[in-house]
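Taking it in order: structure first as structure tokens, then the write-up.
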Amino acid sequence: MTHARELSVRHTPLTLHAGPEPIFLREIAVVGPGVVGMPIAALLATAELWAPDGAPTRVTVVQRASASSGWKVGAINAGRSPVGALEPALDELVAHGAGSGRLRATTDYAAIRDADVVFVCVQTERRAMAPDYAHLLEALHGIARALAQRTAGSVPIVVVESTLAPTTLATVVRPLFAQHGLEEGRDVLLAHSPSRVARGDVVGRLLTADKLVGALSPGTAPRVASLYEHIVTQGTVRTTNALTVELVTTLENASRDVRIAYAAEVARYCDARDIDFFALRRQVNARLAAERGAGAPPCGGLLVPTIGVGGHSLPRDGVFLWWRALEGGANPAHSLVLEARRINDESPGQVLALVERFSGAVNRRSIALLGVAYRPDTDDARNSPTFALASQLIARGARVAMHDPHVSAADQHLLRSGLAGHFHRDPADALATAEVVVVCVAHQQYLRTGRRWLRHAQRLRTVIDACNAYRASEIASTAVLYCGVGRGFRKPSGVLVDAVTAGLHAVMRGVGNEAAMLAAELNARFGANEFTRVDLVKMRRLATCCVS
């Protein structure tokens with residue numbers, strides 16, 4: 001039988017129960033109704049939580065008043081999700097939560113001054129080789145000012161869901177709350193629990209993915225975990241200190257960035273020698289599976305190279321991982337993590353080189369790019385490598401048109417790219433004059449229609465498949481040349497298979513050694529006591545519970 005756990009409070013006890021037993025909270029706040037914050041708020045509002053007096057727990061969403069995002073408040077209060085049309089499960093949850101009166105939204109931080117728990121779900125960025133916390137700090141100051149005017153007697157918990165560079169909770173967030181007279185452990189409890197979600201199924205990932213919770217004080221993380229257990233119903237909530245969670249989270253994404261870069265380098269080697277990368281990949285991954293043995297958990301293999309790496313996390317988190325080491329004067333010359341960033345940033349340029357290799361100079365050529373989102377079947381265009389390719393083509397004199405079935409012409413990332421004038425919602429418009437088509441994203445709409453989009457491209461001569469969307473037989477004809485990343489014709493030799501397999505092992509060992517070095521650096525500078533230090537064995541165990 002599970003037992004209730006009580007939060008340390010000044011006056012009135014606030015009780016959180018483990019497992020299936022109820023927890024009692026008067027109000028939960030979620031700051032930032034984006035791709036992470038909105039599903040968390042909606043799931044909490046529909047989790048049948050109750051206050052100690054038997055009233056329904058209220059979930060209040062705070063959205064800063066801005067010209068571009070202020071509309072989200074009205075949408076949420078009307079029962080509409082502001083996240084987008086590709087998350088139907090979320091739409092239903094928001095409608096149910098708002099309709100029941102448990103979910104509401106506001107732009108006023110004062111409305112959450114008595115919240116028992118505050119989730120901070122505000123995007124963090126990088127600027128050059130350091131974090132850019134402008135939006136996060138704005139939100140945290142708003143929260144701290146509100147909590148400083150608190151009338152409730154309980155000690156609130158503030159959980160930062162935003163990805164943080166290692167040491168941030170202790171060295172940035174804690175001092176910020178202290179500026180407002182709120183001491184960690186006495187007036188506020190601070191925790192960190194970044195979500196492992198992806199656009200297209202954010203609700204499903206929150207329900208099933210294992211969750212990490214770290215805190216600055218030993219008793220905080222288990223209390224936060226007992227609340228998350230009402231959301232993470234098919235996964236495991238694991239607790240540790242804040243520094244370990246910050247390090248594991250950034251390492252997960254940095255490690256994947258390295259594996260993508262390794263695949264890109266192997267594909268470039270193959271393209272230069274007309275070797276079939278995909279035949280090589282099949283043999284390497286079969287070798288890796290045999291090495292692991294039957295029943296062993298998957299640990300990744302040689303990935304599929306594409307036009308590049310976009311999104312929010314992968315282009316940022318390697319820099320986050322290295323931030324304090326760079327600040328302390330560490331030499332990054334041999335960093336695999338930072339070298340992977342350079343390699344992946346070069347990928348759009350490598351696709352441009354393929355275009356010129358198979359279709360000639362691009363000056364004055366009409367080129368259509370199919371797919372603007374950074375990943376298939378989403379509308380998420382953050383840091384899209386298609387933007388980088390389009391800009392490079394335009395700089396060389398090409399006439400560029402872009403299409404995506406999911407991205408809106410009013411998408412903020414498209415507008416910020418300066419390329420909105422090249423974007424078309426109708427594929428016929430994008431393809432009307434195209435001599436070259438680069439397939440950038442393997443949206444199901446492109447795959448299902450197969451060759452049908454070709455009828456719009458009457459002047460088409462070359463298709464460059466930059467995302468492994470098709471087989472040559474689906475596109476190539478006497479009039480149209482089909483080629484793509486890794487699409488050579490020569491069979492890989494056994495020597496090459498051996499070398500690539502050994503190389504992948506060496507690279508991942510190198511990442512492990514790099515992570516150990518960075519952890520030792522962080523422990524030496526910031527590990528104040530046994531609880532706050534990073535344990536390498538535990539770090540590895542927590543990292544392996546990430547599905548990617």
Problem set entry | Stepwise salt bridge (charged side-chain N to carboxylate O under 4.0 Å, His left out) check, R256 with E252 | CA-CA 6 Å; R256 185 166 180 81; E252 286 172 2; over 6 Å; no
For this session: Would you check if the side chain of T249 reaches a backbone N or O of E246 as a donor-acceptor pair within less than 3.5 Å?
Result: no
Exercise. Judged by atom type as modelled, is there a donor-acceptor pair below 3.5 Å linking the side chain of N285 to the main-chain atoms of L302?
Worked result: yes
Exercise. Roughly how far apart are L43 CG and L207 CG, rounded to 0.5 Å?
Worked result: 5.5 Å
Problem set entry | Closest heavy-atom pair and its distance - K211, S193 | NZ-O, 2.6 Å
Mind checking side chain to side chain contact (heavy atoms under 4.5 Å, CB included) for [X] and listing every partner two or more places apart, or none if nothing turns up?
X: A469; result: V439, A442, L447, D465, C467
X: Q458; result: none
X: P385; result: I307, P348, Y374

According to side-chain hydrogen bond (donor to acceptor under 3.5 Å, both in side chains), who are the partners of [X], at least two apart in sequence or on a separate chain?
X: N344; answer: D257
X: T462; answer: none
X: D429; answer: none
X: N468; answer: R487

Side chains of residues 394-404: which donor-acceptor partners sit under 3.5 Å, not counting sequence neighbours?
| residue | atom | partner | partner atom | Å |
| --- | --- | --- | --- | --- |
| R396 | NH1 | E356 | OE1 | 2.9 |
| R396 | NH1 | E356 | OE2 | 2.8 |
| R399 | NH1 | R364 | O | 2.7 |
| R399 | NH2 | R364 | O | 3.3 |
| H403 | ND1 | Y446 | OH | 2.8 |
| H403 | NE2 | R425 | O | 3.2 |
| D404 | OD1 | H406 | N | 2.8 |
| D404 | OD1 | V407 | N | 3.1 |
| D404 | OD1 | H443 | NE2 | 3.3 |
| D404 | OD2 | V372 | N | 2.7 |
| D404 | OD2 | A373 | N | 3.0 |
| D404 | OD2 | H443 | NE2 | 2.8 |

Problem set entry | ring pair (Phe, Tyr, Trp, His ring centres under 6.0 Å) partners of F119, counting only residues at least two apart | Y228
For this session: Keeping to residues at least two apart or across chains, list the salt bridge (Lys or Arg N to Asp or Glu O under 4.0 Å) pairs with something in residues 308-336.
Result: R324-E327, E327-R525
Problem set entry | Contact list for residues 252-289, test ring pair (Phe, Tyr, Trp, His ring centres under 6.0 Å), sequence neighbours left out | none
Side-chain donor-acceptor pairs of residues 128-135 under 3.5 Å, sequence neighbours excluded:
| residue | atom | partner | partner atom | Å |
| --- | --- | --- | --- | --- |
| D132 | OD1 | A134 | N | 3.2 |
| D132 | OD2 | R127 | NH2 | 2.9 |
| Y133 | OH | A165 | N | 2.9 |
| Y133 | OH | T168 | OG1 | 2.7 |

